[in-house]
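Working notes for the structure below.
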Protein chains: 2
Amino acid sequence: MRKPKTQNKPARVTMMDIAAAAGCSQAAVSFVLNDTPGTRISQQTRDRVWEAARALGYMEKTYTTKASYSGLDNVIGFAVDQLATSPEAIVAIEGARQASWNAGNVLLVTQTLSDPVMEPKAIEALTSGGISALIYMTIYTRQVELPSYVCKLNIPTVLLNCYTADHAFPAVVPSEIAGGQSSTRHLIMHGHHRIATITGEIWMQAAQDRLTGYRRALATADIPFDPELVIEGDWSAGAGYASTMKLLALKEPPTAIFCQNDRTAIGCYEALKDAGLRIPQDMSVVGYDDEEISRHLVPPLTTSVLPHLAMGQWAIEHLNPESTPGKRYPIAKLECSLVKRHSVAAPRAEARQILDGAYTSP
Amino acid sequence: MRKPKTQNKPARVTMMDIAAAAGCSQAAVSFVLNDTPGTRISQQTRDRVWEAARALGYMEKTYTTKASYSGLDNVIGFAVDQLATSPEAIVAIEGARQASWNAGNVLLVTQTLSDPVMEPKAIEALTSGGISALIYMTIYTRQVELPSYVCKLNIPTVLLNCYTADHAFPAVVPSEIAGGQSSTRHLIMHGHHRIATITGEIWMQAAQDRLTGYRRALATADIPFDPELVIEGDWSAGAGYASTMKLLALKEPPTAIFCQNDRTAIGCYEALKDAGLRIPQDMSVVGYDDEEISRHLVPPLTTSVLPHLAMGQWAIEHLNPESTPGKRYPIAKLECSLVKRHSVAAPRAEARQILDGAYTSP
DNA sequence: CGTTTCGGCTAATTAATATTAGCATCTATC
DNA sequence: GATAGATGCTAATATTAATTAGCCGAAACG
């Protein structure tokens with residue numbers, strides 16, 4: 001099985017090759033690649049070694065054991081920070097599985113929990129098994145710093161629902177701005193002019209983007225932005241309830257509320273029920289995330305589906321084996337499509353009149 | 001880092017050790033373990049080598065790369081047939097994670113989909129990464145045949161929600177009989193005598209067991225079993241609706257219905273609503289599975305939680321490193337605890353009178 | 001009864017990596 | 001400006017596993 005006999009060409013990249021390329025000894029390469037403690041190697045040499053290893057496509061233990069010839073080429077690692085807390089990760093995994101199915105690829109999933117001690121272990125467990133590609137996902141859309149061990153060897157890597165500052169890897173995230181925009185536009189197209197929104201925790205990227213989308217939709221429809229109609233929530237049903245109450249207490253309450261996630265919408269529903277208002281006749285509501293429960297609310301909630309299935313597929317499709325050092329990838333954005341259910345209707349005639357009046361005669 | 005210097009004790013199991021134990025050469029061990037094609041080794045020797053390897057706890061590529069000292073001993077493989085179709089797998093994984101967390105173990109999850117070509121690949125991907133233990137889970141409780149590649153090296157293996165005919169591995173399943181029994185008993189304790197049940201697809205173990213529990217609870221309370229009150233469903237809401245309608249059409253309709261899963265209960269709710277009956281005043285209902293939605297039904301559904309979290313923990317706790325060939329393990333059963341919500345009440349006085357009368361004067 | 005063949009294995013070799021010991025070179029210190 | 005440490009690395013060695021070549025005995029064959 002081992003190709004290089006005595007006089008043959010290398011056929012496999014060995015530490016010797018790297019040493020030659022990096023201009024140092026095999027021992028040094030071993031030290032660097034294994035990060036052996038207690039050895040003094042300058043950062044420059046370390047960099048050169050890693051670069052050479054990457055460039056030559058060095059794979060650990062290529063020669064050892066059967067790993068190389070037992071078909072393990074087709075294992076794709078999938079690291080996610082949280083698996084159990086929300087269904088998105090599962091959906092993304094399913095998308096990745098579907099996309100890699102016909103190619104006969106196997107997915108190996110692990111949870112990092114963003115724990116500084118567990119994450120390296122988890123990724124190590126993945127990579128040391130000889131994966132041929134890595135998908136790195138976070139539950140919340142955010143910027144991440146890929147630890148060095150992720151990009152150690154040049155396995156193709158794709159970021160799912162996150163991105164790095166240097167854009168060194170292909171990355172895909174939901175298009176939250178477009179999502180916020182289409183949700184709001186949906187309400188506008190039903191004839192609403194006075195549309196409130198209850199945001200999530202505003203420091204989160206998703207909340208900011210959905211709000212941006214909201215403002216954009218208003219602007220596109222030439223509806224002036226009214227800060228009074230934006231209430232800062234925190235993704236929770238409780239905040240949804242309180243925020244809705246605040247909106248209802250306004251001198252000119254809205255005729256529609258864009259809740260920036262479904263849990264907020266649940267609180268919103270409660271508040272409207274307590275206030276004696278009917279959905280959608282007296283108040284239209286849209287949610288976001290398309291959680292399971294939104295199908296079972298009365299009336300069923302119009303909301304946006306997070307495109308995690310598509311993101312999983314996208315990730316698989318963009319696992320390019322060619323490693324182009326220094327290349328920069330734009331962040332791909334996939335659409336959050338609106339699923340229309342029964343929580344949106346045209347504003348009541350009188351309300352519309354009043355509001356139209358308010359606009360025409362300031 | 002490598003312990004055995006020239007004169008030291010082995011500290012790691014090497015092919016030499018196996019060769020000594022099996023009474024052959026290191027080369028022979030290499031041939032056997034790698035299944036090198038084109039070599040002639042008798043079956044007896046192969047067996048001896050594997051046995052010795054198992055007994056000594058040989059781990060592939062122990063010496064090579066950092067695998068040995070980077071904590072890869074603590075990787076636990078988790079193979080499940082379906083990941084996305086239902087939340088149970090996730091819950092079990094979470095249980096396993098929690099239980100192995102403090103020990104610093106990493107979980108590596110893969111999906112087999114019960115596909116004859118994917119499953120070997122998936123498990124191979126897991127094992128070749130050097131896992132130290134394997135948990136094998138199925139979504140539906142059932143008997144499985146562990147393919148040979150699962151038990152190749154003596155990594156401790158536990159079966160979750162499934163079991164083998166030969167009981168060669170520790171296995172844990174939910175105690176469905178006890179669950180059916182306690183659900184029914186709960187209704188009996190509220191004063192119900194005429195209790196119907198809508199089963200799942202009866203060929204499934206779970207459906208049979210839940211029915212058995214139902215009958216046992218009746219027997220314990222000295223309530224005669226009435227086949228008229230058992231309707232065969234198929235786990236679907238549609239069947240729940242139809243079955244409930246059938247029950248309501250009975251000459252002596254029940255005062256309580258034990259739906260053997262939550263989806264059935266949803267159909268049951270619908271049917272009762274359509275029939276103008278109130279829950280729980282006119283009809284008590286209990287479900288099974290504690291799906292997310294049962295919390296949001298009106299009234300919230302009393303149901304049983306599948307103990308998948310506990311099963312995940314149990315699995316981790318029973319990953320005994322000691323391999324006792326030929327040992328037989330009993331199948332462990334974990335309780336499905338009843339979560340009481342608002343779908344059960346005492347039967348209405350008149351109904352109770354009628355029924356009591358029916359019993360006392362046959 | 002000698003010879004061939006082949007199954008079943010081992011010894012010896014080779015390839016690869018890990019690790020130890022130590023050699024330069026630089027740097028700060030007295 | 002000698003010297004004691006670091007610092008940064010390499011040569012040599014050790015360990016392990018894969019592979020080749022070939023030995024030995026038994027069965028098959030003439």
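Hydrogens, waters and symmetry mates play no part in the numbers below; they use all other heavy atoms, side chains included. Throughout, a chain's letter reflects where its sequence line sits, starting with A, and its residues are numbered from 1.
Spacing between atom CD of A/Q44 and atom C1' of D/dG8 amounts to 10 Å, rounded to whole angstrom units. Separating the CD1 atom of A/I18 from the C1' atom of D/dT10 is a distance of 17 Å, rounded to the nearest angstrom. Atoms CZ (A/F31) and C1' (D/dT10) sit 9 Å apart, rounded to a whole Å. Taking atom CD on A/Q43 and atom C1' on D/dC9, their separation rounds to 15 Å, with Å as the unit. Per the geometry, CG belonging to B/D17 stands 8 Å off P belonging to D/dT16, to the nearest Å. Atom-to-atom, CG of A/L33 to C1' of C/dA16 comes out at 13 Å; the value is rounded to the nearest Å. One can place CZ of A/R48 at 12 Å from P of D/dG8, the figure rounded to the nearest angstrom.
Remark: B/T45 is in phosphate contact with C/dC9, judged by side-chain N or O atoms under 4.0 Å from OP1 or OP2. OP1 or OP2 of C/dT17 sits under 4.0 Å from a side-chain N or O of A/T14. A close approach under 4.0 Å does not occur between any side-chain nitrogen or oxygen of B/R40 and OP1 or OP2 of C/dG8.
Shown here are the side-chain contact (heavy atoms from CB on, under 4.5 Å) partners of A/A92, two or more places apart in sequence or in another chain: A/F78, A/M137, A/L160, A/H308. Residues meeting the side-chain contact (heavy atoms from CB on, under 4.5 Å) test with B/I90, sequence neighbours left out: A/A84, A/I90, B/L83.
A/Q43 CD: more than 12 foreign heavy atoms inside a 6.0 Å radius.
Here salt bridge (Lys or Arg N to Asp or Glu O under 4.0 Å) pairs that include residues 134-144 of chain B, with residues two or more places apart or in two chains, are B/D81-B/R142. Counting only residues at least two apart or in different chains, side chain to side chain donor-acceptor pair (under 3.5 Å) contacts with residues 83-97 of chain B comprise B/Q82-B/T85, B/S86-B/E88, B/E94-B/R97, B/E94-B/Q98. Counting only residues at least two apart or in different chains, salt bridge (Lys or Arg N to Asp or Glu O under 4.0 Å) contacts with residues 36-52 of chain B comprise B/D35-B/R46.
In terms of modelled atom types and a separation under 3.5 Å, the side chain of A/T141 and the main chain of A/C162 share no donor-acceptor contact.
Counting only heavy atoms from C-beta on, A/S42 has its side chain closest to D/dC9 among D/dC9, C/dG7, C/dC9. In the set C/dT20, D/dC9, C/dT17, D/dC9 carries the atom at the smallest distance from any side-chain atom of A/I41. Checked against C/dT17, D/dT20, D/dA18, the side chain of B/M15 finds its nearest nucleotide in D/dA18.
If you check residues 21-30 of chain A against DNA chain C, the residues with a heavy atom closer than 4.0 Å are A/Q26, A/A27, A/S30, listed by number.
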